[in-house]
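First comes the structure, then the notes that go with it.
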2 protein chains.
Amino acid sequence: MPASTAASAEHTSRDKILDAAEALFAKRGYAAVGLRELAELVGLGKSSLFHHFRNKAQLYAAVTARILVSIEARLVRSLATGGDPVVRLERWLDDLIDLLTENPTYARVLLRSLFEDDDLPGDLPEEIEGHRAIADMMAAVGGLLREGMGAGLFRAVHVNHFLLTLVGIIVFPFASGEFGAEVLGKDLFDATEVRRRKREVRALLRSGLVASR
Amino acid sequence: MPASTAASAEHTSRDKILDAAEALFAKRGYAAVGLRELAELVGLGKSSLFHHFRNKAQLYAAVTARILVSIEARLVRSLATGGDPVVRLERWLDDLIDLLTENPTYARVLLRSLFEDDDLPGDLPEEIEGHRAIADMMAAVGGLLREGMGAGLFRAVHVNHFLLTLVGIIVFPFASGEFGAEVLGKDLFDATEVRRRKREVRALLRSGLVASR
DNA sequence: GTCTATAATAGGATAGAC
DNA sequence: GTCTATCCTATTATAGAC
């Protein structure tokens with residue numbers, strides 16, 4: 001297997017830049033990260049970054065697009081697997097939580113990308129790709145909700161509001177950093193806490209909060 | 001009523017700066033806002049800002065503290081009003097949603113303040129005050145949940161996880177900007193959509209998603 | 001309390017040697 | 001593909017006149 005075709009484990013400068021940038025952007029956001037800082041983290045000169053990316057905005061868009069596409073790839077696969085809508089939705093939630101805990105930068109970049117639209121030009125190919133990925137995911141889950149409602153397995157919900165609810169329930173906690181850890185009293189990324197989160201989310205969807213009469 | 005005691009409607013430079021800064025920080029975040037831009041929005045010279053605030057970090061902390069304290073004031077009052085835990089929780093949710101929709105900057109500043117802790121020194125009085133306000137609120141709602149569970153009105157939930165869930169359900173959508181509007185197809189801040197959001201949140205807490213068997 | 005002037009630094013980005 | 005050197009602009013912050 002020639003190295004030139006083994007793309008997976010390659011360790012190019014471009015990948016190193018993307019990895020370091022992902023960590024920095026997740027932690028502090030677009031505007032607060034300087035390219036000089038990023039360059040010396042990677043072990044390059046500032047100018048070398050511009051050989052790999054046209055400018056800062058494109059680098060940021062590349063970082064977020066890489067994440068959004070990888071999330072989409074895994075979750076669309078998850079949704080495509082069989083089972084009734086209840087099973088499929090719960091598996092999707094579990095898989096999403098697994099994905100976010102295995103990649104602690106993801107939730108923050110995901111939420112930040114919703115807040116930091118203003119900084120970007122809006123017409124970069126990477127932006128469009130990321131936007132499409134997230135829209136496709138939302139559409140797929142929306143379809144699942146509709147399917148479950150049609151089969152009488154879900155009560156009648158407003159699908160789009162429910163999508164916002166799901167993102168808020170799942171993504172927000174893993175992006176909440178210090179706040180989440182303080183509310184919880186523990187690190188949400190610990191394995192036991194992740195299991196608990198899955199259980200609590202399932203229970204909420206199955207029973208709500210108010211006790212049955 | 002002498003003007004000097006009528007603090008509510010006063011229009012001091014300090015208030016104007018705080019108002020303008022709140023709008024800018026909500027829209028673009030701490031690092032992306034320049035003091036020159038802020039100054040000319042207020043109609044002052046850049047240097048005049050430093051007469052009212054020691055530095056940018058303190059200004060930011062003052063902005064967030066003002067919001068957190070005002071939220072706390074209104075919601076602690078809401079929680080203190082009578083009714084059983086179910087009624088009180090639902091009123092709290094409605095009041096929080098009202099507060100967030102009447103002040104469109106709040107949700108964004110609130111969520112951003114969770115992400116942008118790194119930028120601040122951590123020991124400013126304003127930071128501590130804001131931190132206390134949010135902690136008190138969480139504690140109050142946590143107490144309400146425990147009370148409801150004790151009375152058999154709520155099922156047994158993990159209180160701290162449920163607090164994260166509540167913040168994710170309520171605050172996140174109103175902070176989600178373009179993304180939320182796109183998922184929804186409408187502006188979440190429209191009166192009809194706000195009403196729908198309240199209904200959907202209530203229904204989730206009362207019945208979950210999965211249809212009763 | 002607001003201003004002008006200025007300092008000191010960091011920002012993103014480009015040119016051109018190697 | 002990486003480097004040094006440089007450009008221009010923006011940044012936060014201070015000093016001191018009015």
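The figures here come from the full heavy-atom set of this structure, side chains too, leaving out hydrogens, waters and symmetry mates. Every chain is numbered from 1, with letters handed out A, B, ... down the list of sequences.
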Report task. With sequence neighbours left out, write down each residue that passes ring-ring contact (aromatic ring centres under 6.0 Å, His included) with His52(B), or none if nothing qualifies. Result -> none
Report task. Please list all pairs passing the ring-ring contact (aromatic ring centres under 6.0 Å, His included) test where one or both residues lie in residues 157-177 of chain B, with sequence neighbours left out. Result -> His158(B)-His161(B), Phe174(B)-Phe189(B)
Query raised in the report: Which nucleotide of DNA chain D is the first, and which the last, in the 5' to 3' direction, to come under 4.0 Å of a heavy atom belonging to chain A?
Result: dG1(D) to dA5(D)
Query raised in the report: Is it true that the side chains of Thr165(A) and Arg197(B) contain a donor and an acceptor less than 3.5 Å apart?
Result: yes
Report summary line: Within residues 22-40 of chain B, the residues having a heavy atom closer than 4.0 Å to DNA chain C are none
Query raised in the report: By side chain to side chain contact (heavy atoms under 4.5 Å, CB included), which residues pair with Arg28(B), not counting sequence neighbours?
Result: Asp118(A), Leu24(B), Ala32(B), Val33(B), Glu37(B)
Query raised in the report: Does any pair with a residue in residues 131-146 of chain B pass salt bridge (charged side-chain N to carboxylate O under 4.0 Å, His left out), and if so which ones, sequence neighbours excluded?
Result: Glu72(B)-Arg132(B), Glu129(B)-Arg132(B), Arg132(B)-Asp136(B)
Report summary line: Sequence neighbours excluded, the answer for salt bridge (Lys or Arg N to Asp or Glu O under 4.0 Å) partners of Glu200(B) is none
Report summary line: Residues at least two apart in sequence or cross-chain that pass salt bridge (Lys or Arg N to Asp or Glu O under 4.0 Å) with Asp187(B), listed by chain then number, are none
Query raised in the report: Can you list the residues that meet the salt bridge (Lys or Arg N to Asp or Glu O under 4.0 Å) rule with Arg66(A), with sequence neighbours excluded?
Result: Asp19(A), Glu22(A)
Report task. List in numerical order all residues of residues 46-58 of chain A for which some heavy atom is under 4.0 Å away from an atom belonging to DNA chain D. Result -> Ser47(A), Ser48(A), His51(A), His52(A)
With a 3.5 Å cut-off and sequence neighbours excluded, list the donor-acceptor pairs that the side chains of residues 75-82 of chain A form with protein atoms.
unit_1   : atom_1 : unit_2   : atom_2 : d
Ser78(A) : OG     : Asp95(A) : OD2    : 2.7
Thr81(A) : OG1    : Arg77(A) : O      : 3.1
Thr81(A) : OG1    : Ser78(A) : O      : 3.4

Query - Partner residues of Asp117(B) under the salt bridge (Lys or Arg N to Asp or Glu O under 4.0 Å) criterion, sequence neighbours left out - result: none
